[in-house]
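Worksheet: one structure, shown below.
Reminder, nothing fancy here: chain letters follow the sequence lines and each chain counts from 1. These figures come from a predicted structure and were not determined experimentally.
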Amino acid sequence: MLDAKTLRNDPQAVAEALEARGYTLDVDAYEGLEARRRELQSQTESLQQKRNESAKAIGKAKQAGEDIQPLLDAVATLGDELKAAETELSDIQQQLQDLYLELPNLAHPSVPAGMDENDNLEVRRWGEPRAFDFKPRDHVDLGEALGGLDFAAGAKLSGSRFVVMQDQVARLHRALAQFMLDTHTREHGYRETYVPYLVDETALLGTGQLPKFAEDLFAIANFDRNLHLIPTAEVPLTNLAADAILEADQLPLGFVSHSPCFRSEAGSYGRDTRGMIRQHQFDKVELVQLTRPDDSYDALERLTGHAEVILQRLELPYRVVTLCTGDMGFAAAKTYDIEVWLPGQSAYREISSCSNTEAFQARRMQARWRNPETGKPELLHTLNGSALAVGRCLVAVLENYQQADGRIDIPAVLQPYMGGTEWIAP
RNA sequence: GGAGAGGUGGCAGAGUGGUCGAAUGCGGCGGACUUGAAAUCCGUUGAGCCCCUCGGGGCUCCGGGGGUUCGAAUCCCUCCCUCUCCGCCA
């Protein structure tokens, strides 16, 4: 959510900034609502003041044993007037709130302007894609040959975009998650956290999935609360700070969570239908940081670095791109995507997305810290990043470490997690 | 799933219709005393929002929502959460 004061003070400037993100703000409609709100709020509050004063007067008069009937007569219509004003005010406030909740975040000045992924800016590359002396196979072929990836079984149980992993591939998947968790907790200082995989609408509103992107989520039926499966652990992790006021010396605060993620993938029919690149369910190790506002951009660099370390240790080539204004997510002020090299596709594919949302989410969920300089609670900045998507990382290991005979070498850092296994073979 | 108890300020805990945003204690902050600390004493200490002639003025919040009333932390309805006992269960 954007700062109401910023919007009030210069709606035109905000509208222009939003335009860069492909969002058109109807400034006239907004200003009309805002003017009406102002008028109604003043009116309502002065009626409330009148009510409070007369109620007190009646109380005193009654205690003094005076006749209160004249006082009661004087406020006979006040209740109805007040109720009408309050109803109208809360209606207009709801309309404003609805509008605010649909506005995307403003991009940081360092974010390149652009329409879509073609306008993203490559920041750096790490590692050299391996030269194969045979035609590299993709993870589907490799995994099925290993007997460890069973897309037919996934489809039998749950339909398309589900997979069953078994044996050494399942173990490799587990090893990846373990390795990531250990690295982030032991070396990067994140607090290991397991979270609910079902969250309520307040949490989803807080991180920005709702109200706009309900169709991307799985909702739970047959339950009297409106719970949704998490699309990312970012939702429960970030919402840990909701309604909290943290002390300055607690910051920055970092959480890491290994969790499944559930996405309906509405609107991506026909995209990445082969393999486990785009599944309805996948595992992810997620990092979330809560920082002081003046530290959040340094924190974004650090957090992105933490994700990169995983790929470096796995010796998987990747590149980092800055998303342009048009390609960023709703809540982000700045996002780095990390793309890993997939020989099966001869392409870099997203394996991590690291974002600074500044105060956008914090404002929605009232996540604050006490600034020692002012003594007042102020909004935190929140950041999140995958480090990494475990499923896609498995894909990358299979494809990058494949040998001509279908054997997969196990990256050195994972071997301890695989009981010393150096390679797996069909 | 059954029975009961309860949700109040950072914490503990009073408050069952009127000047209560709310006693008291602890904690925090400032000060006095002290060489320093402890103890003691004094003061202070919630959050959000609106208006403003920048002096200030006002509104809202006692788990959430709704209702009764001139007036609700207090009464009624409803939902959520916590605790205790029983049942069930990983």
Side-chain angles (χ1 to χ4, degrees), chain A residues 1-9 30-101 194-206 210 220 222-228 236 239-251 253 260 359 361-380:
Chain A
M1 200 155 67
L2 302 179
D3 181 20
K5 287 197 182 82
T6 308
L7 192 51
R8 260 178 231 149
N9 289 342
Y30 161 74
E31 286 187 317
L33 271 178
E34 177 54 26
R36 187 86 186 106
R37 189 228 93 225
R38 187 179 304 232
E39 184 189 335
L40 274 169
Q41 185 160 345
S42 293
Q43 186 193 335
T44 305
E45 288 185 359
S46 75
L47 286 171
Q48 287 171 327
Q49 181 181 4
K50 206 164 150 192
R51 175 204 61 196
N52 292 346
E53 284 168 354
S54 56
K56 268 180 193 172
I58 291 168
K60 276 187 196 168
K62 202 173 175 185
Q63 219 152 26
E66 296 165 13
D67 180 15
I68 61 168
Q69 194 53 47
L71 291 169
L72 290 180
D73 292 343
V75 294
T77 60
L78 185 61
D80 289 341
E81 281 175 57
L82 180 56
K83 185 161 288 182
E86 282 176 339
T87 305
E88 209 179 337
L89 175 63
S90 78
D91 179 63
I92 210 103
Q93 279 175 329
Q94 189 58 54
Q95 288 182 47
L96 271 169
Q97 180 72 358
D98 291 348
L99 186 148
Y100 273 105
L101 288 173
Y194 276 89
V195 292
Y197 305 144
L198 295 170
V199 293
D200 65 23
E201 292 183 326
T202 306
L204 291 157
L205 219 53
L210 290 181
I220 300 303
N222 288 332
F223 198 59
D224 56 5
R225 275 179 282 158
N226 285 320
L227 297 183
H228 293 73
N239 275 285
L240 286 174
D243 297 316
I245 302 176
L246 304 176
E247 295 304 324
D249 60 13
Q250 295 178 269
L251 303 176
L253 209 53
Q361 294 178 326
R363 188 172 290 111
R364 288 173 162 246
M365 65 178 74
Q366 284 301 300
R368 294 172 293 172
W369 68 300
R370 193 172 296 278
N371 184 344
E373 284 169 30
T374 62
K376 291 288 174 193
E378 297 173 12
L379 293 171
L380 290 164

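With both pairing distances under 3.5 Å, C20(B) is matched to nothing as a Watson-Crick or G-U wobble pair. When both pairing distances are held under 3.5 Å, G6(B) makes a Watson-Crick or G-U pair with C81(B). Across all strands shown, C59(B) forms a Watson-Crick or G-U wobble pair with G48(B), both key distances being under 3.5 Å. The base-pairing partner of C54(B), taking Watson-Crick or G-U wobble contacts with both distances under 3.5 Å, does not exist among the strands shown. The partner of G43(B) is C29(B), judged by Watson-Crick or G-U wobble contacts that both fall below 3.5 Å. For G36(B), there is no paired base (Watson-Crick or G-U wobble, both distances below 3.5 Å).
The distance between atom CD of Q43(A) and atom P of C51(B), rounded to the nearest whole Å, is 15 Å. The interatomic distance linking E247(A) (CD) with G27(B) (P) rounds to 17 Å, in whole Å. At whole-Å resolution of the value, CD in Q69(A) and C1' in C70(B) are 10 Å apart. The interatomic distance linking E34(A) (CD) with C50(B) (C1') rounds to 11 Å, in whole Å. One interatomic measurement links the two molecules: CD of E39(A) to P of G58(B), which rounds to 22 Å at whole-angstrom precision. Between the CG atom of D249(A) and the P atom of G28(B) there is a distance of 14 Å, rounded to whole Å. As a whole-Å value, the separation of Q366(A) CD from G48(B) C1' is 8 Å. Atom C1' of nucleotide G10(B) and atom CD of Q250(A) are separated by 12 Å, given to the nearest angstrom.
Checking U68(B), G58(B), C70(B) against every side-chain atom of S54(A), the shortest atom distance belongs to C70(B). Here the side chain of R368(A) is nearest to one of C59(B), C70(B), G48(B), namely G48(B).
Syn is the glycosidic conformation of G55(B), whose angle stays within 90° of 0.
Nucleotides U78(B) and C70(B) are separated by 24 Å at their P atoms, to the nearest Å. Comparing the P positions of A3(B) and A90(B) gives an interatomic distance of 25 Å, to the nearest angstrom. Straight-line distance between the P atoms of G9(B) and G65(B): roughly 16 Å, to the nearest whole Å. Rounded to the nearest Å, the gap between the P atom of C52(B) and that of C11(B) is 36 Å. Separating the P atom of G36(B) from that of G46(B) is a span of 31 Å, rounded to the nearest Å. Nucleotides C26(B) and C79(B) are separated by 41 Å at their P atoms, to the nearest Å. Spacing of C1' atoms, A72(B) relative to U60(B), comes out at 14 Å, to the nearest Å. Only the P atoms considered, C61(B) is 11 Å distant from U74(B), to the nearest whole Å.
Taken to the nearest 0.5 Å, the CD atom of E201(A) stands 8.5 Å off from the CG atom of L227(A). Distance CG/L71(A) to NZ/K60(A): 12.0 Å, rounded to 0.5 Å. Rounding to the nearest 0.5 Å places OH of Y100(A) at 8.0 Å from CG of D3(A). Once rounded to the nearest 0.5 Å, the distance linking CD of Q366(A) with CG of D243(A) reads 7.0 Å. How far CZ of R364(A) is from OG1 of T202(A): 12.0 Å, rounded to the nearest 0.5 Å.
Residues of residues 84-96 of chain A having a heavy atom closer than 4.0 Å to RNA chain B: none are found. Residues from residues 55-62 of chain A with heavy atoms under 4.0 angstrom of RNA chain B, sorted by number: A55(A), I58(A), G59(A), K60(A), K62(A).
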>> For a salt bridge (Lys or Arg N to Asp or Glu O under 4.0 Å) check, start with the C-alpha distance between E86(A) and K83(A), then their side-chain angles and the critical distance, and finish with the verdict.
In response: CA-CA 5 Å; E86(A) 282 176 339; K83(A) 185 161 288 182; over 6 Å; no
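Side-chain N/O atoms of R38(A) include none lying less than 4.0 angstrom from OP1 or OP2 on C50(B). Here R370(A) does not reach the OP1 or OP2 of C29(B): none of its side-chain N or O atoms lies under 4.0 Å away. Taking 4.0 angstrom as the limit, R51(A) places none of its side-chain polar atoms (N or O) nearer than this to OP1 or OP2 of G58(B). Look at N52(A) and you'll find a side-chain N or O under 4.0 angstrom from OP1 or OP2 of U60(B). Listed pair R8(A) / C50(B) meets the phosphate criterion, a side-chain N or O lying under 4.0 Å from OP1 or OP2.
For the pair R51(A)/L47(A), no side-chain contact is recorded, criterion being any heavy-atom separation below 4.5 Å from C-beta on. You'll find the side chain of L2(A) stays beyond 4.5 Å of the side chain of L7(A), heavy atoms only.
Nucleic acid contact class of K83(A) (heavy atoms, under 4.0 Å, all strands): sugar-phosphate only.
Checked against Q41(A) for a side-chain hydrogen bond (donor to acceptor under 3.5 Å, both in side chains), the options E39(A), E45(A), Q43(A) give a single hit: E45(A).
Nearest-nucleotide mapping onto RNA chain B: of L72(A) and Q48(A), the residue sitting toward the 5' end is Q48(A).
Between the side chains of D98(A) and Q94(A), at least one donor N or O sits under 3.5 Å from an acceptor N or O.
The neighbour count for E373(A) CD, taken as heavy atoms of other residues, nucleotides or ligands under 6.0 Å away, does not exceed 12.
A donor-acceptor pair under 3.5 Å is absent between the side-chain atoms of N371(A) and the main chain of E378(A), judged by distance alone.
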